[in-house]
Amino acid sequence: MDELTFRRTIYAEPNTTDPEVIQAAKDDPAKQVFWDETKALESKLALAMNIPVPENFAEKLILRQGMDEFTQHRQKRPWYIAMAASVAMVAGISYMTLLGGNDGLAKDVFAHVNDEYMSKEISMNGEFVSIDTINEKMATFDGQLSEEIGEVVSANYCYLDKIKSLHMIIKGEKGLISLFIVPGSESKELQDDFSDNEHFGSSFLLESAKIIIVGNDKEQVSQLQEVAQSAFTF
Amino acid sequence: MFSRNKNQSASVSTDMMEKQKRYEALVKALHADIFRYAMWLIKDKSIAEDVVQETFLRAWKSLDSLKDEGAAKSWLITILRRENARRFERKQFDLVDIDDVALADPNDLGDVALEHRELRRIMSSLSEEYREPLMMQILMGFTGDEIAEQLNLNKNTVMTRLFRARNQIKEALLGDQPKGEQING
C-alpha cells in the first residue's frame, strides 16, 4: 500500500480494521508511527468534543414532554392518562380538573404559573437570563426586547392551548410574575383582564404579538404591563 | 359493562406508561450525545438546547415508529437535523463562536485544557461539510455507511471529507506551533 493511500485511509477512519492497512503498518515502522500519532490525536479530539451538558437537562426534556402531552390531551382524555403522561405534572392536573371552566388559553396560562411548575422551571435554569438569551428566543416571534424588564429568572418555550409561546418568569418585589409572548395571529380569545382566586392576569396586543402578564399582585402586573409596552417591539 | 370499560382504560394507560418509560430511557441514554452533537452543529448553547427540546418532543410524538432501539441514535440525529433545517426556514440567526462563549469553562486551566480549547477552536472553524461527518464519526460512533446515509452522500465522498477534515485539523495544529509558546510548557 502506497504512502498516500495509507494516509488517506487512516485519516478517514483512524480505527480502521482493514487488513491491508494493518499489514502495511507492520511492514513499515514509519507508517505505524503515523498511525499511532493519528490515534493519539483522535482520542484528544474525542475528549475535546465532550463538552459539558447543561445541568438537569434530561429532567428538563422529560418535563417538557410531560407538559406538552398534558396540554395536548387535556380535553380529549381522562385525567388519569394525562397523569400517566408525567408524574411531574400531577400538581398542574389536579389544579385544572378542579378548576373546570371553558377558556383553554386562560387555563393553560394558570397552569404555567403554578408555584410548583415555576419553581421547577427556575431551578432548571440556574441564574438569571440575559437580554441576549431572551432575544435569541424572541426571534421565533420576530420580536425584540430592548430594555430591562426586571430580573428574568427563566425564559422557556411552552405551549398555551397548543400555541408555541415564550414564558418568562420575572422576580418582582412582590413575588414572581410571568410574562408570555404569544404569536398574535394564532392567539385565541382571551379577556384583557382575567383572574382566579390567586392570580391576576392582563393581556394586550402589541403589534404582531399578544403579551400576557400574570402575577399574584395586581399592581405589579399593571406596572410590568407598562414597562413591557415600551420594552418589546415586534 | 362497567368492568369492561375499566379494563380498556387500564390497558390504554398501561400503554402510556410503557411509552413514557421508553421515552425516559431514551432521554437518559442519549440526551448528552444529542446535545453535544447539536452544540457542534449549531455552536450556540441556548439555540442548541431549544433544538434538542424540539427534537425530543418530536421523538416522543413518533416514538411508536422507532422499532429498533439500536437505531435510536441515528433516528434522533435525523430528527435533529430536520429541526435544525426548519430553524433556517424561519429565521437566520447571528451565531456566536462556540469557543468564545458556550465552552469557556472557568475551571478549564492547565495544558490539557488549553490543548482541548485549541482543538475545539480548530474544529469549530471547520466548514460544516467537514465538521458534521467528523462529529458523526467521533461523537456518535457512526460508520462510514451510516454517515453516508444520514448526509445523503455516497460513501467515497464521506471518506474524502473525513480525510480532509483531519488533514485540516493537523495543518491548523502545525501552523499554530511556532507561535504557540504555551503549548510546549
Side-chain angles (χ1 to χ4, degrees), chain A residues 7-16 37-38 41-54 57-69 72-73 77-78 80-87 129-130 132-142 155-157 159 164 166, chain B residues 9 12-14 16-17 19-20 23-24 27-28 31-32 35-36 39-40 44-47 49-50 52-54 56-57 59-61 87 90-91 93 96 98 102-103 105 112 115-120 122-123 134-135 137-139 143-144 158-167 169-170 173:
Chain A
R7 288 187 173 232
R8 280 188 74 99
T9 318
I10 294 293
Y11 266 5
E13 211 180 344
N15 299 317
T16 181
E37 279 173 6
T38 308
L41 176 64
E42 189 69 3
S43 17
K44 283 181 195 165
L45 286 176
L47 283 172
M49 273 190 185
N50 254 346
I51 49 180
V53 175
F57 195 49
E59 289 78 2
K60 192 169 185 169
L61 292 169
I62 291 166
L63 177 73
R64 281 277 122 185
Q65 169 272 321
M67 190 69 202
D68 186 67
E69 184 67 14
Q72 299 276 326
H73 294 290
R77 300 224 170 132
Y80 48 82
I81 293 184
M83 185 139 91
S86 172
V87 178
V129 187
S130 72
D132 288 344
T133 308
I134 295 171
N135 274 329
E136 275 157 17
K137 297 183 190 233
M138 289 289 296
T140 311
F141 306 97
D142 284 327
N156 255 315
Y157 294 122
Y159 287 85
K164 184 170 177 175
L166 181 60
Chain B
S9 337
V12 172
S13 106
T14 312
M16 273 310 270
M17 296 280 244
K19 189 181 174 187
Q20 182 69 21
Y23 175 77
E24 289 186 12
V27 170
K28 281 179 185 145
H31 77 280
F35 171 76
R36 290 189 177 115
M39 266 307 272
W40 282 106
D44 178 281
K45 194 177 170 201
S46 75
I47 299 173
E49 272 188 52
D50 286 340
V52 174
Q53 283 192 9
E54 292 293 330
F56 275 98
L57 266 185
W60 162 260
K61 284 173 189 157
R87 186 168 66 85
R90 290 200 300 265
K91 185 121 185 170
F93 292 86
V96 280
I98 195 168
L103 299 176
D105 180 348
V112 175
E115 192 179 24
H116 284 172
R117 211 143 74 190
E118 179 62 5
L119 288 172
R120 284 173 190 164
I122 295 170
M123 279 191 284
L134 192 67
M135 292 184 309
Q137 193 181 45
I138 300 181
L139 201 59
T143 65
V158 168
M159 294 327 256
T160 304
R161 287 191 187 179
L162 286 167
F163 157 73
R164 290 202 181 134
R166 287 196 178 82
N167 212 21
I169 292 173
K170 204 70 175 262
L173 282 171

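Quick caveat, the model's predicted, so the values are computed rather than measured. Just so it is clear: chains get the letters A, B, ... in the order the sequence lines come, proteins before strands, and each one is counted from 1.
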| query | Between A:N15 and chain B, which part of the residue has a heavy atom less than 4.5 Å away: side chain, backbone, both or neither? | reply | neither
| Where does A:L61 contact chain B at under 4.5 Å (heavy atoms): side chain, backbone, both or neither? |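 When you check distances to chain B, atoms from both the backbone and side chain of A:L61 fall under 4.5 Å.
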| note | The reported gap from CG in A:L45 to CD in A:E42 (rounded to nearest 0.5 angstrom) is 5.5 Å
| Distance, nearest 0.5 Å, that separates CG of B:D44 from CG of A:D132 | 10.0 Å
Under 4.5 Å from any heavy atom of chain A - which part of [X]:
{"X": "B:M123", "value": "side chain"}
{"X": "B:E49", "value": "both"}
{"X": "B:D50", "value": "side chain"}
{"X": "B:T143", "value": "neither"}
{"X": "B:Q53", "value": "both"}
{"X": "B:V158", "value": "neither"}

Restricting to non-hydrogen atoms, name the atom on [X] and the atom on [Y] that form the minimum distance, rounded to 0.1 Å.
{"X": "A:A58", "Y": "B:V27", "answer": "O-CG1, 3.6 Å"}
{"X": "B:R166", "Y": "A:A12", "answer": "NH1-O, 3.5 Å"}
{"X": "B:K19", "Y": "B:K61", "answer": "NZ-O, 4.3 Å"}

| Test item: B:W60 side-chain N/O and B:Y23 main-chain N/O as donor-acceptor pair under 3.5 Å |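 No: the side chain of B:W60 does not pair with the backbone of B:Y23.
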| Can you tell me if A:K137 uses its side chain to pair, donor with acceptor, with the backbone of A:L166 under 3.5 Å? | no
Counting heavy-atom pairs closer than 4.5 Å to chain A, which one of [options] comes out on top?
{"options": "B:T160, B:L134, B:L162", "answer": "B:L162"}
{"options": "B:M159, B:H31, B:R36, B:K28", "answer": "B:R36"}
{"options": "B:E54, B:R164, B:M135", "answer": "B:E54"}

| Stacked cation flag A:R8 on B:F163, 6.0 angstrom / 45 deg |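 Judged by the rule, A:R8 and B:F163 form a cation-pi pair.
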